[in-house]
Amino acid sequence: VNGRKRRAHPCRPKAKAVWLVDNTKLTFEQVATLCGRHGLEVQAIADDEVATGMQGLDPLAAGELTQEEIERREAVIGVIGLGYVGLPLAVELGQAGFRVIGFDVDDSKISTLGQGVSYIGDVESSEVAKLIKAEKLDATTEFDLLADMDVINICVPTPLRKTRDPDVSFIAAAVLEIRKHLREGQLIILGSTTYPGTTHEFVIPMLEDSGLTIGKDYSLAFAPERIDPGNTKFKVTNVPKVVGGDTPPRTELACPVFRT
């Protein structure tokens, strides 16, 4: 609650706030009144119930990708968008031991990478060539291979419109491709720079048209890119990453992808 009122969105479920009774000077009644003004339901729980409640919150489903599989580098990672954000990420993930497949609609990028050559100033061609030779990195325009990915990072551009708001048409195109090939157990990570609410209000409704349910059949997280093009001092590996999952277990699942 930040003092601003937001219009109800048809895709946003009614929120619920969990109140830790002994964690503030405000009384439960005061909090309930405050949250009620914003359409929030409040539930009081005892401190000793918090840990149990969090542990049981939306656990990973059977057959779903696990944190241990990611930490052991057994997950195959897809990166959609091989520009100044996606290519450096794909290279860093490959160097961390993951098998990485890059996806892009630009044939020239795929051809250049296939020759072991980088077209991004922040990425050395020698790094690309080494990863391709080791079969840790590949690039393709065949989006049907998304079905083989365990983790899919969306790293497409979001240029500003004349109205100064992000153009999410590239995100929409990427999500549509993912939806065609979405399968149970996958982890989808939105990494493109965009406005707050994009994941819940835009991405989730599109993915749910696949017939699969978030939190039950697949996981979703948001980890916005923090690339500074041309900066040779601060790169992917030494810039802190902000990661947020749809639920706490999904956050824990997504974090090891970037903990290289």
Side-chain angles (χ1 to χ4, degrees), residues 1-2 4-17 38-40 57-58 61 64-65 77-86 89-90 102-106 143-144 146-147 149-227 241-251 253-255 257-258:
V1 178
N2 57 12
R4 295 187 302 167
K5 293 185 178 180
R6 297 185 63 183
R7 291 181 297 173
H9 192 282
C11 297
R12 183 187 296 120
K14 190 172 184 180
K16 291 186 178 181
H38 294 267
L40 296 175
L57 179 61
D58 194 19
E64 193 168 2
L65 179 67
I77 300 182
V79 177
I80 300 180
L82 296 175
Y84 76 90
V85 174
L89 176 61
F103 296 83
D104 205 288
V105 296
D106 189 336
F143 284 81
D144 56 337
L146 287 171
M149 302 299 103
D150 298 305
V151 181
I152 301 174
N153 282 277
I154 302 173
C155 299
V156 295
T158 49
L160 292 178
R161 294 191 176 101
K162 292 181 179 180
T163 53
R164 307 300 295 173
D165 59 318
D167 179 356
V168 295
S169 61
F170 294 101
I171 295 179
V175 175
L176 284 174
E177 289 293 344
I178 294 173
R179 186 177 70 186
K180 294 176 186 177
H181 311 289
L182 187 64
R183 61 169 173 80
E184 294 182 355
Q186 286 183 316
L187 167 62
I188 313 301
I189 302 175
L190 176 60
S192 300
T193 301
T194 184
Y195 56 85
T198 302
T199 310
H200 273 261
E201 299 173 3
F202 186 75
V203 176
I204 291 179
M206 292 181 68
L207 291 179
E208 287 188 339
D209 284 342
S210 67
L212 299 180
T213 303
I214 183 174
K216 177 183 177 183
D217 301 312
Y218 68 94
S219 299
L220 183 65
F222 179 49
E225 58 90 2
R226 305 191 66 194
I227 298 291
K241 189 77 170 178
V242 178
V243 179
D246 187 59
T247 62
R250 267 66 192 183
T251 301
L253 179 65
C255 282
V257 173
F258 305 101

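Positions are given from 1, in the same order as the sequence printed here. Side-chain atoms are counted along with the backbone in the values below, which use heavy atoms only and exclude waters and symmetry mates.
In this structure, the side chains of Phe103 and Glu177 stay at 4.5 Å or more apart for every pair of heavy atoms. Residues Leu187 and Val257 have side chains in contact (heavy-atom distance under 4.5 Å, counting atoms from C-beta outward). Side-chain contact between Arg183 and Asp150 is present, with heavy atoms from C-beta onward closer than 4.5 Å. Contact of the Ile188 side chain with the Val203 side chain is not registered, since no non-hydrogen atoms from C-beta on lie closer than 4.5 Å. Contact of the Phe170 side chain with the Ile154 side chain is not registered, since no non-hydrogen atoms from C-beta on lie closer than 4.5 Å. In this structure the side chain of Leu207 never reaches within 4.5 angstrom of the side chain of Leu212, judged on heavy atoms. By the 4.5 Å heavy-atom criterion applied to side chains, Phe222 and Thr198 are not counted as neighbours. Residues Ile80 and Leu146 meet the side-chain proximity criterion, which asks for heavy atoms closer than 4.5 Å.
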Audit row: Asp246, Tyr218, side chain to side chain contact (heavy atoms under 4.5 Å, CB included) steps and yes/no
CA-CA 11 Å; Asp246 187 59; Tyr218 68 94; over 6 Å; no
Would you please test Tyr195 and Val168 for side chain to side chain contact (heavy atoms under 4.5 Å, CB included) and show each step?
CA-CA 9 Å; Tyr195 56 85; Val168 295; 3.9 Å; yes
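Listed here is the closest heavy atom pair of Met149 and Gln186: O-NE2, 2.7 Å. The two atoms that bring Ala174 and Val156 nearest to each other are CB-CG1, 4.2 Å, heavy atoms only. Residues Ser210 and Leu182 come closest through the heavy atom pair OG-CD2, 3.5 Å. Nearest heavy-atom pair across Leu160 and Pro166 is CD2-N, 3.9 Å. Shown here for Thr251 and Val243, the closest heavy-atom pair between the two residues is CG2-O, 3.7 Å. Nearest heavy-atom pair, Glu225 versus Lys241, reported as atom, atom and distance to 0.1 Å: CA-NZ, 3.7 Å.
Taken from CD1 in Ile171 to OG1 in Thr194, the straight-line distance is 4.5 Å, to the nearest 0.5 Å. Here Asp209 contributes atom CG and Ile204 contributes atom CD1; the two are 12.5 Å apart, rounded to the nearest 0.5 Å. Atom NZ of residue Lys216 and atom CD of residue Glu184 lie 8.5 Å apart, to the nearest 0.5 angstrom.
Judged by distance alone, with hydrogens and angles left aside, the side-chain atoms of Arg250 form no donor-acceptor pair with the main-chain N or O of Ala221 at under 3.5 Å.
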